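Input: a single structure, listed below in structure tokens.
What you are looking at is a predicted structure, and each value in this text was computed from that prediction instead of being measured. A, B, ... follow the sequence lines: proteins, then strands. Residue 1 opens every chain.
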Protein chains: 2
Amino acid sequence: MSTREILLETAEKAVRRRGYDGFSYADLSAKVGIRKASIHYHFPKKEDLALALMMRYRETVIKDLERISKQHTLAGKRLSEFVDIYRQALGNCDMLCLCVAFSSGPDSLNKDILEEITCFQTEANAWLTEVFELSIKDKTILNVIDSNNDAAACLALVQGAQLVARAADDIMEFEKAVAGLMNRVKT
Amino acid sequence: MSTREILLETAEKAVRRRGYDGFSYADLSAKVGIRKASIHYHFPKKEDLALALMMRYRETVIKDLERISKQHTLAGKRLSEFVDIYRQALGNCDMLCLCVAFSSGPDSLNKDILEEITCFQTEANAWLTEVFELSIKDKTILNVIDSNNDAAACLALVQGAQLVARAADDIMEFEKAVAGLMNRVKT
DNA sequence: GTCTATAGTTTGATAGAC
DNA sequence: GTCTATCAAACTATAGAC
């Protein structure tokens, strides 16, 4: 793994644990084992790092969603896998997904990063809408009235479920929050 | 309004816009019109301010919920009012509710504040559980299977809906996310 | 690419006069 | 209660040697 990739990997975990304002180049320096100045070589400004993080995250998740679509033909199964991505991202209830971590303090983020977040949300929404659309045909998710609204609700639900689970430091809060959605899945 | 109350009021908005790490005593000083040192008289440490903020917030919301319970006897109407609290808190999609704002970076918060957040979530969950329980009798919310899970899902949903709406800077994202829930309300 | 050294700000916090 | 003055520490960022 290149130094740049190690930096991104380490920084992502830091942001997901403590937020964008909550980590510094000094933290990164200590954890990665190179000097602060060297980090500036790879990412001249902290904003550059943040943007690279969000771009990498978006690409990763989109690839995950494409993989899920290929591996699973049933809408219900795809939805379960989607929820699982957010469940995994919680770790030991000490992390949020990067998108949620960034979404909390947008006022200190610049336009490019906000755009990247919005773009991610749009793509996730589109993928979910397709899933709910498909479920109307294959009947693997019950009570779908409006695919668009169901998609938006689903995205908000898993993100909010992360927040409450993290605050309570209890994965069961996540499970309780998504239980109703998962009960609609019949495969 | 006392200086202390003005400070709390101003600080709350700052936290909800920029997060706990994103605002400083210098910001507060400029907005309120007293010197930094004077703020330290009221709140010796920033943690003291944060704790006071979260306690005040919890008390306010609990009172709101009690008021709603008194004003409305139908479960569906109570749920609508609950969602409205979170809708209002969004402002012009530039703010989160204090609980969500704090939940995002718990690693930098001390134990007392985290306890206050957990306590708030527990109380909100209990109130919501009662609402869904009531709805089984008065039939003003449809498809209630497990009141406990429905409550957890509802809390996660409104909090997540705030996140996505704020990121998109579009109140419609909030509305789309809660549309499915509101469709279950029949009054 | 990584280092040392350092600039220039901002941060949370304190001492002591009024 | 609020002020001036000041602190030590942390922060982002840059210059220049290797």
Report yes or no: is the cationic atom of Lys77(B) (NZ for Lys, CZ for Arg) under 6.0 Å from the centre of the six-membered ring of Phe82(B), at an angle within 45° of the ring normal? no

- Rounded to whole angstroms, how far apart are CZ on Phe23(A) and P on dT12(D)?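 It is 8 Å, rounded to the nearest whole Å.
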
Taking OH from Tyr25(B) and P from dT11(C), how many angstroms apart are they, rounded to a whole number?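 Between P of dT11(C) and OH of Tyr25(B): 13 Å.
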
Distance-only donor-acceptor hits, side chain of residues 28-45 of chain A, under 3.5 Å, sequence neighbours excluded:
{"unit_1": "Ser29(A)", "atom_1": "OG", "unit_2": "Ile34(A)", "atom_2": "O", "d": "2.7"}
{"unit_1": "His40(A)", "atom_1": "ND1", "unit_2": "Pro44(A)", "atom_2": "O", "d": "2.8"}

Give every pair of a protein N or O atom and an N or O atom of nucleotides 4-10 of chain D that lie under 3.5 Å apart, one pair per line with the distance.
{"unit_1": "dT4(D)", "atom_1": "OP2", "unit_2": "Arg35(B)", "atom_2": "NE", "d": "3.2"}

TODO: For residues 166-187 of chain A, pull every pair meeting ring pair (Phe, Tyr, Trp, His ring centres under 6.0 Å), keeping only residues two or more places apart or in separate chains.
DONE: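 Output for this query is empty, none listed.
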
Could you check whether Gln159(A) and Gln121(A), counting side-chain N and O atoms only, form a donor-acceptor pair closer than 3.5 Å?
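Looking only at side-chain atoms, Gln159(A) and Gln121(A) do form a donor-acceptor pair, the distance falling under 3.5 Å.
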
Sorted by number, residues from residues 42-57 of chain B placing a heavy atom under 4.0 Å from DNA chain D are His42(B)

Check your understanding: Taking only N and O in the side chain of Thr3(B), is any of them less than 4.0 Å away from OP1 or OP2 of dT2(D)?
Key -> yes

Residue-phosphate contact under 4.0 Å: Tyr41(A) side-chain N/O, dT2(C) OP1/OP2 =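 Negative; the distance criterion is not met.
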
Table please: side-chain donor-acceptor pairs of residues 147-157 of chain A below 3.5 Å, with sequence neighbours left out.
{"unit_1": "Ser147(A)", "atom_1": "OG", "unit_2": "Glu133(A)", "atom_2": "OE1", "d": "2.9"}
{"unit_1": "Asp150(A)", "atom_1": "OD1", "unit_2": "Arg184(A)", "atom_2": "NH2", "d": "3.3"}

Would you give me the side-chain donor-acceptor pairs under 3.5 Å for residues 90-102 of chain A, sequence neighbours excluded?
{"unit_1": "Asp94(A)", "atom_1": "OD1", "unit_2": "Asn92(A)", "atom_2": "N", "d": "3.3"}
{"unit_1": "Asp94(A)", "atom_1": "OD2", "unit_2": "Arg17(A)", "atom_2": "NH1", "d": "2.7"}

